[in-house]
Amino acid sequence: MIMFFLLYGSILWSATCVSSLPAPSRIFMSARVGSSAVLPCDWRNVSTQSPHVEWRTYTETVFERRGEELYQGEGYKERVDVPEDHLLKGDCSLELKNVRPEDAGVYESFLLVRRTKRSLRTKRVFLQSVELSVDDAPEESHSENKAAACSAGTIQTSSWITAIFLLFFLLFTSFHLSVDHHLDVVERLAQS
């Protein structure tokens, strides 16, 4: 019985911790060699007047834009963009053209925000993580590309599913314990 309460307590603690931590979302996408891909990003929930967006892999800066100024990383020149008019509307999605096998990997987007109005120092605000897988088979038809684009993004929600599962488990367990307890009380009263 003590083991049960220890297990129950640890599950309750886990459920509390899992549901209180922010779940970073990663979008999984795939693209064919030679096609184009749009890595989604949105900054509308962050307050800034002149957006400065940065897209990075774990090893390098892929793209940066602040107003008309832009930087395209080595190997990405003339293939990446976050159009300025989209950025001003809160859409910081990275457009990647002529996808190559070496483009596969994790991309992260950040908004660079000045710490104060007069400060030159900026802080990096994480926006989105996108994992791109690249199919080595060259793009064969336009209809295949449309189908791939429609099914490209899936948000990973495993931590939310875990939290919901643990909550249902806890509710079921506490209900079951409550019924067992009441049956024991009724049984004892009947024997008296």
Side-chain angles (χ1 to χ4, degrees), residues 21-117 119-161:
L21 293 175
S25 65
R26 176 172 292 170
I27 296 175
F28 295 88
M29 298 185 63
S30 61
R32 291 185 180 271
V33 169
S35 69
S36 293
V38 177
L39 284 55
C41 176
D42 181 75
W43 68 269
R44 284 175 252 254
N45 59 347
V46 179
S47 175
T48 185
Q49 290 182 354
S50 58
H52 180 175
V53 70
E54 175 186 42
W55 277 91
R56 301 184 53 82
T57 64
Y58 292 135
T59 58
E60 66 181 320
T61 299
V62 173
F63 180 84
E64 268 190 73
R65 176 180 288 282
R66 182 175 181 190
E68 293 181 11
E69 297 176 48
L70 62 91
Y71 167 81
Q72 297 174 328
E74 200 66 38
Y76 293 95
K77 297 214 186 288
E78 304 303 320
R79 297 192 312 122
V80 289
D81 193 17
V82 174
E84 185 179 8
D85 59 325
H86 292 200
L87 185 58
L88 291 171
K89 295 175 188 170
D91 179 8
C92 49
S93 300
L94 181 70
E95 297 176 0
L96 175 61
K97 299 173 188 165
N98 191 21
V99 173
R100 301 174 183 169
E102 59 268 25
D103 292 335
V106 175
Y107 293 78
E108 293 181 330
S109 60
F110 299 91
L111 195 62
L112 297 148
V113 182
R114 283 192 183 164
R115 293 187 184 271
T116 63
K117 287 184 180 181
S119 174
L120 295 177
R121 298 181 63 203
T122 59
K123 72 176 180 176
R124 182 179 282 151
V125 178
F126 172 79
L127 296 172
Q128 185 64 58
S129 177
V130 179
E131 186 168 340
L132 179 66
S133 61
V134 177
D135 184 358
D136 288 341
E139 186 176 26
E140 293 177 12
S141 73
H142 183 67
S143 62
E144 282 183 51
N145 188 33
K146 269 186 164 179
C150 289
S151 65
T154 305
I155 298 175
Q156 180 178 351
T157 56
S158 61
S159 58
W160 287 107
I161 291 170

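Model, not experiment: these values are computed from the prediction. Just the heavy atoms: all of them, side chains too, but no hydrogens, waters or symmetry mates, feed the values below. The first residue in the sequence is number 1, and the count goes up from there.
Within the 4.5 Å cutoff, the side chain of Pro40 has heavy atoms near those of the Val130 side chain. Annotation: side chain of Glu102 is not in contact with side chain of Val134 (no heavy-atom distance under 4.5 Å). Using a 4.5 Å heavy-atom threshold, the side chains of Arg79 and Leu96 count as touching. Taking the side chain as every heavy atom from C-beta outward, Phe63 and Leu94 approach each other to under 4.5 Å. Within the 4.5 Å cutoff, no side-chain heavy atoms of Ser93 are placed close to those of His86. Side-chain contact between Arg124 and Glu108 is absent, with no heavy atoms from C-beta onward closer than 4.5 Å.
In this structure a side-chain-to-backbone donor-acceptor pair under 3.5 Å is present from Arg65 to Gly67. A donor-acceptor pair under 3.5 Å links the side-chain atoms of Gln72 to the main chain of Val80, judged by distance alone.
Salt bridge annotation for Glu64-Arg66: absent, with no cationic side-chain nitrogen under 4.0 angstrom from a carboxylate oxygen.
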Practice problem: Starting from the C-alpha separation in whole Å, work towards a yes-or-no answer on side-chain contact (heavy atoms from CB on, under 4.5 Å) for Leu111 and Cys92. | Solution: CA-CA 9 Å; Leu111 195 62; Cys92 49; over 6 Å; no
Self-check item: Test log, rule side-chain contact (heavy atoms from CB on, under 4.5 Å), inputs Thr61 and Tyr71
Solution: CA-CA 9 Å; Thr61 299; Tyr71 167 81; 3.9 Å; yes
Exercise. For Thr122 and His52, run side-chain contact (heavy atoms from CB on, under 4.5 Å): C-alpha distance rounded to whole Å, both residues' side-chain angles, the deciding distance at 0.1 Å, then the answer.
Key: CA-CA 10 Å; Thr122 59; His52 180 175; 5.7 Å; no
Quiz prompt | Audit row: Val82, Trp55, side-chain contact (heavy atoms from CB on, under 4.5 Å) steps and yes/no | solution = CA-CA 10 Å; Val82 174; Trp55 277 91; 3.9 Å; yes
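Between the CD atom of Glu95 and the CG atom of Leu39 there is a distance of 10.5 Å, given to the nearest 0.5 Å. Atom NZ in Lys97 sits 13.5 Å away from atom CG in Asp103 (nearest 0.5 Å). Between the CZ atom in Phe28 and the CG atom in Leu132 there is a gap of 12.0 Å [rounded to 0.5 Å]. A distance of 14.5 Å separates OH in Tyr107 from CD in Gln128, rounded to the nearest 0.5 Å.
Heavy-atom minimum distance, Leu127 versus Cys41: CD1-SG, 3.7 Å. Of all heavy-atom pairs spanning Ser129 and Val106, the tightest one is OG-CG1, 3.6 Å. In terms of heavy atoms, Asp42 sits closest to Gly90 at OD1-O, 3.2 Å.
Checked against side chain to side chain contact (heavy atoms under 4.5 Å, CB included), Glu60 has the following partners two or more places apart in sequence or in another chain: Thr57, Tyr76.
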